[in-house]
Amino acid sequence: MSLSMPTKLSYGFGAFGKDFAIAIVYLQLLFYYTDVVGVSAAFIGGLFLFARIWDAVNDPVMGWVVANTRTRWGKFKPWILIGTILNCITLFALFSAHHFDGTTQLIYIAVTYILWGMTYTLMDIPFWSLVPTLAVDKQEREQLVPFPRFFADLAFVITGLYALKAIDFFGGQNQALGFQMFSLVLIACFVLSTIVVLLNVKERYTNEADDQKLSLKEMLSLIRKNDQLLTLLSMGLAHNLAMNLIISFAIYYFTYVVGDKDMFAVYLGLAAIAKLVTLVLFSKMARLLSRKILWLGASICPIIGCLMLILIAAYAPQSKILISISGVLVNIGMALFWALIVIMVADTVDYGEYKHGVRCESVAFSVQTLVVKAGAAFAGFFIGILLAAVDYVPNIEQSPETILGMKGIMIGLPILFLGLALFIYFKYYKLNDEFLSKVQSFVAKKYADNR
């Protein structure tokens with residue numbers, strides 16, 4: 001039986017609420033800390049990197065905790081509820097740092113930011129772990145996943161366009177108050193979306209009679225033995241690192257290489273719409289095109305978009321049309337990647353059950369969460385190191401050697417990582433076509449027999 005539209009929309013709205021609450025952190029928290037609270041960027045940069053390193057340990061452990069949870073409400077819903085409540089508390093705490101000063105303030109910022117990351121993981125892993133319990137059939141997953149991905153990206157688009165206006169509305173001249181009040185709006189949306197998920201989304205493919213619990217050692221062993229999960233981790237990390245490099249470095253590229261920082265907004269303008277449209281059309285694309293073609297498109301589109309930037313900088317730096325096309329291509333690739341990665345992680349859950357007889361949704365999706373955070377952390381690390389290596393100096397005209405180095409960061413490095421992701425996929429990833437159908441038929445039959 002196919003998933004109902006209310007279930008798909010409820011699950012999608014759940015992604016909107018949680019990503020509405022995280023978008024403000026990814027897009028505006030650094031500004032709040034440096035320009036509103038007055039903390040040095042160096043301290044915040046170090047804190048962000050340390051937090052991502054901590055996540056590398058925390059996320060798989062959280063996946064293990066969820067995998068060993070047994071309640072009358074299932075494994076995932078209790079943690080979705082608990083994680084939402086705790087993350088809402090820490091979200092409000094994040095934007096209350098202006099009430100402190102001195103060393104106390106720095107300690108407060110460090111503690112609340114790390115706790116925010118941990119509590120978000122607490123609900124994010126079980127939220128995405130619902131995917132393989134809702135749909136086993138390949139086409140059914142391809143129809144389900146675009147809903148949460150679309151709503152998640154919509155939350156980021158709305159935040160990018162209207163967050164600062166809302167903050168000004170709530171706070172007036174007092175930006176600190178504006179941030180704090182806006183966080184309450186996000187919290188209300190987050191709680192509402194979680195309630196919708198808890199009431200309307202029901203697990204379908206799960207063995208409620210399975211009382212087997214895993215030790216931490218056994219969990220790590222299952223990750224190691226699931227060769228397709230490790231392959232997906234490798235190519236997902238390479239691809240996400242490339243995307244983060246492009247998006248994070250674009251402002252530097254347009255300011256100093258193109259020579260017009262206003263083109264950055266042009267680069268992102270139509271791109272956001274293209275990303276949402278791609279997600280709307282994803283299920284139709286998946287019916288017409290093979291998984292291999294879609295993954296190829298997820299990598300080739302950004303590569304072409306990057307190569308276009310070389311020609312734009314050399315021959316048409318003021319061409320809004322060409323810059324928009326470049327941004328659109330990058331974001332089409334990004335949309336395809338994020339829709340595919342969720343589906344493919346769910347496929348590795350089925351593969352793990354097929355190969356080892358153990359179904360560990362939360363463990364697999366902790367790897368996805370790790371890919372998201374690690375991609376951003378490593379991109380920031382590479383950008384910082386390489387800017388210093390090419391002798392970048394802020395707010396001056398850069399030397400030809402520095403310009404060449406900046407082109408390498410924006411174009412060469414992402415293409416290298418995208419090529420690596422393609423190589424790993426076609427060389428080592430095998431959950432496609434007949435073999436994937438065999439794995440999913442095995443799982444579907446098992447749970448049909450258990451009913």
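Between Phe16 and Cys189, some side-chain heavy-atom pair lies under the 4.5 Å cut-off. Counting heavy atoms from C-beta outward, Thr7 and Asn200 have side chains that stay 4.5 Å or more apart. Annotation: side chain of Phe156 is in contact with side chain of Asp19 (closest heavy-atom distance under 4.5 Å). Between Leu29 and Tyr113, the closest side-chain pair of non-hydrogen atoms falls below 4.5 Å. A heavy-atom distance below 4.5 Å is not found between the side chains of Leu230 and Tyr428. Contact check for Tyr267 versus Val330: side-chain heavy atoms found under the 4.5 Å cut-off. Within the 4.5 Å cutoff, no side-chain heavy atoms of Asp35 are placed close to those of Gln175. Between Phe179 and His98, the closest side-chain pair of non-hydrogen atoms is not below 4.5 Å.
Distance check: Ser183 OG to Phe190 CZ gives 13.0 Å after rounding to the nearest 0.5 Å. Separating the OH atom in Tyr429 from the CG atom in Asp227 is a distance of 10.5 Å, to the nearest 0.5 Å. Distance check: Leu420 CG to Ser299 OG gives 10.0 Å after rounding to the nearest 0.5 Å. Once rounded to the nearest 0.5 Å, the distance linking OG1 of Thr133 with CZ of Phe76 reads 6.0 Å. The line from OG of Ser10 to CD1 of Ile195 is 12.5 Å long, rounded to the nearest 0.5 Å. Atom CD1 of residue Ile293 and atom CG of residue Leu336 lie 12.0 Å apart, to the nearest 0.5 angstrom.
Asn226 places a side-chain N or O within 3.5 Å of a backbone atom of Thr348 that can act as its donor or acceptor partner. Panel note: side chain Glu140, backbone Leu3; a donor-acceptor pair is recorded below 3.5 Å. A distance-only check finds no donor-acceptor pair linking the side chain of Tyr392 to the backbone of Leu386 [under 3.5 Å]. The closest donor-acceptor contact from the side chain of Lys18 to the backbone of Tyr120 lies at 3.5 Å or more, if one exists at all. With hydrogens and angles disregarded, a donor-acceptor distance shorter than 3.5 Å links the side chain of His239 to the backbone of Ala298. Of the possible polar contacts, one joining the Tyr253 side chain to the Leu309 backbone as a donor-acceptor pair under 3.5 Å is found. Side chain of Asn58 to backbone of Trp54: no donor-acceptor contact under 3.5 angstrom is found. At distances below 3.5 Å, at least one donor-acceptor pair connects side-chain atoms of Gln105 with backbone N or O atoms of Ala97.
A pairwise comparison of heavy atoms in Pro414 and Ala242 identifies O-CB, 3.6 Å as the closest pair. The two residues Cys301 and Gly333 make their nearest non-hydrogen contact at CB-N, 4.2 Å. Among all heavy-atom pairs drawn from Ala21 and Val25, the shortest one is O-CG2, 3.9 Å. Closest approach of Leu431 to Val439, counting heavy atoms only: CD2-CG2, 4.4 Å. Of all the heavy atoms in Gly375 and Asn240, the pair that sits closest is CA-ND2, 3.6 Å. Taking all atoms of both residues into account, the shortest heavy-atom contact from Pro132 to Ser129 is CD-O, 3.2 Å.
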Apply side-chain contact (heavy atoms from CB on, under 4.5 Å) to the pair Arg141 and Asp347, showing each step before the final yes or no.
-> CA-CA 9 Å; Arg141 277 184 186 163; Asp347 292 344; 2.8 Å; yes

In sequence, state the C-alpha distance, the side-chain angles, and the governing distance for Val37 and Tyr32, and then conclude on side-chain contact (heavy atoms from CB on, under 4.5 Å).
-> CA-CA 6 Å; Val37 180; Tyr32 168 77; 3.5 Å; yes

Dump the intermediate steps for side-chain contact (heavy atoms from CB on, under 4.5 Å) on Ile247 and Met334, then the final yes or no.
-> CA-CA 10 Å; Ile247 297 302; Met334 194 181 301; 3.6 Å; yes

From CA spacing to verdict: side-chain contact (heavy atoms from CB on, under 4.5 Å), Phe31, Ile167 = CA-CA 12 Å; Phe31 174 82; Ile167 290 164; over 6 Å; no

Full working for side chain to side chain donor-acceptor pair (under 3.5 Å) between Asn432 and Tyr425 = CA-CA 11 Å; Asn432 290 303; Tyr425 178 81; 3.1 Å; yes

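Taking the six-membered ring for Trp and thresholds of 30 and 60 degrees, Phe382 and Phe417 have ring planes inclined between 30 and 60 degrees apart. The aromatic rings of Trp116 and Tyr26 sit perpendicular, their planes meeting at an angle over 60°, well past the 30° parallel limit.
When ring centroids are compared, Phe151 and Tyr11 stay outside the 6.0 Å threshold. For Phe95 and Phe182, the distance between ring centers is not under 6.0 angstrom.
Considering Lys284, Arg291, Lys8, Arg149 in turn, Arg291 is the only one that fulfils the salt bridge (Lys or Arg N to Asp or Glu O under 4.0 Å) rule with Glu142. Of the candidates Thr84, Ile125, Val66, Asp124, Val66 is the only one forming a side-chain contact (heavy atoms from CB on, under 4.5 Å) with Trp79.
For Tyr162, the OH atom counts as loosely surrounded, since its 6.0 Å shell holds 12 or fewer non-hydrogen atoms of other residues, nucleotides or ligands.
Remark: Ile187 engages Cys88, Leu91, Phe92, Leu184, Val191 in a side-chain contact (heavy atoms from CB on, under 4.5 Å) (not counting sequence neighbours).
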